[in-house]
A.B. asks: 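Let me begin by handing over the structure; questions about it come next.
Here the structure is a predicted model, which is why all the values come from computation and not from measurement. A, B, ... follow the sequence lines: proteins, then strands. Residue 1 opens every chain.
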Amino acid sequence: MSSNPNRLPQNESEAPKLSISQRAAAKASGAPALEADYLEGLNPEQREAVLTTEGPLLVLAGAGTGKTRVLTTRLAHIIGTRKAWPSQTLTVTFTNKAAREMRERALKLIGPDAGGLSWLGTFHSISAQMLRKHAELAGLKPSFTILDTDDQVRLCKQVIEAEGIDPKRWTPRFLAGLVDGWKNRALTPDKVPNDEAYAFADGRGAKCYQIYQSRLGVLNACDFGDLLLHTIRIFQQNPDLLADYHAKFRYILVDEYQDTNVAQYLWLRLLAQGTGNICCVGDDDQSIYGWRGAEVDNILRFEKDFPGASVIRLERNYRSTGHILAAAASVIDQNKSRLGKTLWTEGEKGERLKVRGFWDGESEARQIGEEIEAWAREKRSYEEVAILVRASWQMRLFEERLILLGIPYRVIGGPRFFERAEIRDAMAYLRLIRSPDDDLAFERVVNQPKRGVGGTSLAKLQTMARADGRPLTTLARMILQTDELKGAARTGLMRFIDQLDLWRDKLAGGMPHTELMEVILDESGYTDMLQKDRGPKSQSRLDNLKELVRAMGEFDTLEGFLQHVELVMDVGGQSGGEEVQILTLHAAKGLEWPLVFLPGWEEEVFPSKRSIDENGLKGLEEERRLAYVGITRARERCHISFAANRQIYGRWQSVLPSRFVDELPEDSVDVASDTGYGAGATGFGTAFGAVGGGVVEDLGTSSYNSPGWKRLQANKAKGRTVSEPSYTFDGDARIIETGSSPGDMAFPLGARVFHDKFGYGRVVGGDGQKLTVDFEKSGTKKVIATFLSTP
DNA sequence: TTCTTCACGCTTTTT
DNA sequence: GCGTGAAGAA
């Protein structure tokens, strides 16, 4: 190795050796360390291309093919061969977590002495970094604040009220969503298409957006979208500045390219115009963030967008068994718009996937609980197990079950630390001390805890502030000079302003920011308020505030802490030990487990009804990619399940198996026959038999057009064993709601039934042959259904 | 101003 | 079924 670390090596053999643990082994096998350790499985041309390609490069990396390895290895190679210094590379990810992991892995390869990777981060953090340098070019002060979703919505509310729009008809949340969507597509207020502006308050959409933007300017703030948009505009309007960045960034690397939105694409394209050395890694089949602006088209169009681009396909999977891959492939193959890859493995075919139908969510959870116990009996660990659900409300049943069984588990996701009300309140106090002009923070805590400054006083302040163009704190001081406010409002506001001044002085006087936080919570009465609240949540709120103080201690200054938190809305989570993981499919991207449960595969739950309603085929295909992501998380075993009846928002509903169940390949799937309910048939028939309730619901109307019925017939035609709903009904009676306690019939006691003649009723009895229903209105008990065969 | 009551609506999640 | 949020009551 060269003794002078600052001398640029003349050729690759002189490049610094790589400090990776397996280096010795690699050497023994005669292969250069990098390739042997990290790019195993690529053919020689691909290896060469990943490491040395100049110009645009797209790596299409299927699930489990080592996507991140490709990116880190390329980065390390560029730095290791001194094609660029670390500071001359730009590496972009979507999440802070991904950025952290990338940094760790890259530093392992290039060694910690190689210099900081100061331009490795998320789109937003890198944009913020740039924007703080050139804030004045965007009409901002470098100390601008970054608003989070909550602030955004509140600002939208103000805009709506100021415009005299009915906030019930046109909700602030909706406007915030529209603005967000426009920003994702890099549309400034003047560029919003007319018809879309009409989607809000009869054509006032673009105007509201305009006002929202000018309010942001006054507040010296931007939202997340602005971080990118301002940067893009600065680049467009200042070619010489852009040229500086072109000279600076010799290589650009992008992770998860399929998740980029229009703004991010433009941002990348501007920066890549310099060297053209942009390497994007992604998988079109794993694009699951369309609903927040990701454009799969970006990856589909890559070769057009970046002329002369090379494309590499990584299709060898190192993660899952053959059956799991076959199942995933068979599902994703139904999607029309995809680039197309075929994953393969040299590993075992492994176990077939299990598909099971259950009567309801409880029995599904019960069964999954048993499977996990069996897994543990095989001396395998709980942390190897994950339950992946479509929506977070589905988690509850599993939590309850695992608690009952005493199985340790952890829910991943859930409310973020910095989004909790108490944390946001505390943060608002800090923001107000840092910048007295932060109106949103002022509004948030001026009456929290209660100081007698209620809606009327605040509204008075706001109208005056708006007329005057001055921030709320300034106006509060002015109004206190007059006798505009009386009684509690006046004393409360005065005390608030005085306290703010006092705390600000303490900070200026050198009080550590952690101590200041404690003082604020104490003197403001916030802690008192929580301690007096005997609610079930108040203790955990107090704990959270303690945790906040602890987290603040990791930063030297208040300013450093605030700037970090605005971008990274998360606090370093404790990594779990021996725990089953429960998480959403979205949160599972990028992770893997030996044993994966995929419950709740029911039409309208997964694929989600709303997704299809709102986005049609596009929505459905995204749901299908979600199914693909789910299946490919499994290394060894994968259990898919669905129920016939499910409680959604407290209401019982009959549900049908997801169409994705049908898309699984028969050869790789076992359908269990122990579903218990339904008409008790076997094979795929069981699955659909169990769903008899769903078919029955529509009896007499459109049941023969329902997807469940059609599939039942199709399966019958294929010669599979199917079970048809085997009961006749008196009139047009239909099951509309089922009880939760399964009796020994297909329709448990308590099932709610509707009858054309008698109205609503509940199942009160039955003997496997007959169903007796008590009708609420008429008071008559009547046998309405007779089973042709005993279930 | 604050407390109480009813209506509503409700994916997925990051920055 | 539950939490939020806005309208009415003390």
A.B. asks: Excluding sequence neighbours, so at least two apart, what forms side-chain hydrogen bond (donor to acceptor under 3.5 Å, both in side chains) with Ser457(A)?
C.D. replies: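 Checked Ser457(A) against side-chain hydrogen bond (donor to acceptor under 3.5 Å, both in side chains); zero matches.
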A.B. asks: Which residues pass the ring-ring contact (aromatic ring centres under 6.0 Å, His included) test with Tyr526(A), sequence neighbours left out?
C.D. replies: none
A.B. asks: Could you tell me which residues satisfy side-chain contact (heavy atoms from CB on, under 4.5 Å) with Ser125(A), sequence neighbours excluded, listed by chain and number?
C.D. replies: Thr122(A), Leu567(A)
A.B. asks: Strictly by salt bridge (Lys or Arg N to Asp or Glu O under 4.0 Å), give each pair with a member in residues 615-633 of chain A just once, sequence neighbours left out.
C.D. replies: Arg390(A)-Glu623(A), Glu622(A)-Arg625(A), Arg624(A)-Glu663(A)
A.B. asks: Gln462(A): what forms a side-chain hydrogen bond (donor to acceptor under 3.5 Å, both in side chains) with it, not counting sequence neighbours?
C.D. replies: Glu443(A)
A.B. asks: Suppose the criterion is side-chain hydrogen bond (donor to acceptor under 3.5 Å, both in side chains): which pairs have a residue in residues 289-298 of chain A, not counting sequence neighbours?
C.D. replies: Thr260(A)-Asn298(A), Trp291(A)-His586(A), Asn298(A)-Arg301(A)
A.B. asks: Figure out the CZ/P separation between Phe418(A) and dT14(B), and round it to whole Å.
C.D. replies: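 In whole Å, dT14(B) P lies 15 Å from Phe418(A) CZ.
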A.B. asks: How close or far is atom C1' of dT15(B) from atom CD of Glu419(A), stated in whole angstroms?
C.D. replies: 10 Å
A.B. asks: Expressed as a whole number of angstroms, how long is the span from Phe224(A):CZ to dT15(B):C1'?
C.D. replies: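 So the two atoms are 4 Å apart, to the nearest Å.
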A.B. asks: Just jot down the side-chain hydrogen bond (donor to acceptor under 3.5 Å, both in side chains) partners of His230(A), sequence neighbours excluded, or say none.
C.D. replies: none
A.B. asks: Kindly label the base of dT12(B) as syn or anti, based on whether its glycosidic torsion lies within 90° of 0.
C.D. replies: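 Anti, which is what one calls it when the glycosidic angle falls more than 90° from 0.
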A.B. asks: When the distance from CD1 of Ile126(A) to C1' of dT15(B) is rounded to whole Å, what number comes out?
C.D. replies: 13 Å
A.B. asks: Whole Å only: how far is the CZ atom of Phe417(A) from the C1' atom of dT14(B)?
C.D. replies: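 Distance check: Phe417(A) CZ to dT14(B) C1' gives 18 Å.
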A.B. asks: In this structure, how many angstroms lie between the P atom of dC2(C) and the CD atom of Gln647(A), rounded?
C.D. replies: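 Interatomic distance, CD of Gln647(A) to P of dC2(C): 10 Å.
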A.B. asks: For Tyr265(A), which residues count as a ring-ring contact (aromatic ring centres under 6.0 Å, His included) partner, sequence neighbours excluded?
C.D. replies: none
A.B. asks: Using atom NE2 of His124(A) as one end and atom C1' of dT13(B) as the other, report the distance to the nearest whole Å.
C.D. replies: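 One finds 12 Å between C1' of dT13(B) and NE2 of His124(A), rounded.
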A.B. asks: How do Ala488(A) and Thr149(A) order along DNA chain B: which one's closest nucleotide is nearer the 5' end?
C.D. replies: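 This one resolves to Ala488(A).
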A.B. asks: Looking only at side chains, do Gln152(A) and Asp148(A) share a donor and an acceptor under 3.5 Å apart?
C.D. replies: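 Distance-only check fails for Gln152(A) and Asp148(A).
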A.B. asks: May I ask you to evaluate whether Asn96(A) reaches the phosphate of dT14(B), defined as a side-chain N or O under 4.0 Å from OP1 or OP2?
C.D. replies: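 Checking Asn96(A) against dT14(B): no side-chain N or O falls below 4.0 Å of OP1 or OP2.
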A.B. asks: Are the aromatic rings of Phe606(A) and Phe642(A) close, with centres under 6.0 Å apart?
C.D. replies: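 Distance test on ring centres: not under 6.0 Å, no.
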A.B. asks: Detail all sub-3.5 Å separations between protein N/O atoms and N/O atoms belonging to nucleotides 8-12 of chain B.
C.D. replies:
unit_1: dT11(B); atom_1: OP1; unit_2: Tyr649(A); atom_2: OH; d: 3.0
unit_1: dT12(B); atom_1: OP1; unit_2: Ser392(A); atom_2: N; d: 2.9
unit_1: dT12(B); atom_1: OP1; unit_2: Ser392(A); atom_2: OG; d: 2.5
unit_1: dT12(B); atom_1: O4'; unit_2: Arg390(A); atom_2: NH2; d: 3.4
unit_1: dT12(B); atom_1: O2; unit_2: Trp291(A); atom_2: NE1; d: 3.4
unit_1: dT12(B); atom_1: O2; unit_2: Arg390(A); atom_2: NH2; d: 2.4

A.B. asks: What one-letter contact string describes nucleotides 4-10 of chain C from 5' to 3', where B marks a base within less than 4.0 Å of any protein heavy atom, S marks contact via sugar-phosphate atoms alone, and - marks no contact?
C.D. replies: --S----
A.B. asks: In whole angstrom, what separates Lys97(A)'s NZ from dT15(B)'s C1'?
C.D. replies: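 Rounding to the nearest Å, NZ of Lys97(A) and C1' of dT15(B) are 15 Å apart.
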A.B. asks: Taking only residues two or more places apart in sequence, or in another chain, which ones meet Glu559(A) in a side-chain contact (heavy atoms from CB on, under 4.5 Å)?
C.D. replies: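 By the side-chain contact (heavy atoms from CB on, under 4.5 Å) rule, Glu559(A) matches Arg434(A), Thr557(A), Gln563(A).
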A.B. asks: Between the protein and nucleotides 2-7 of chain B, which nitrogen or oxygen pairs come in under 3.5 angstrom?
C.D. replies:
unit_1: dT2(B); atom_1: OP1; unit_2: Gly452(A); atom_2: N; d: 3.2

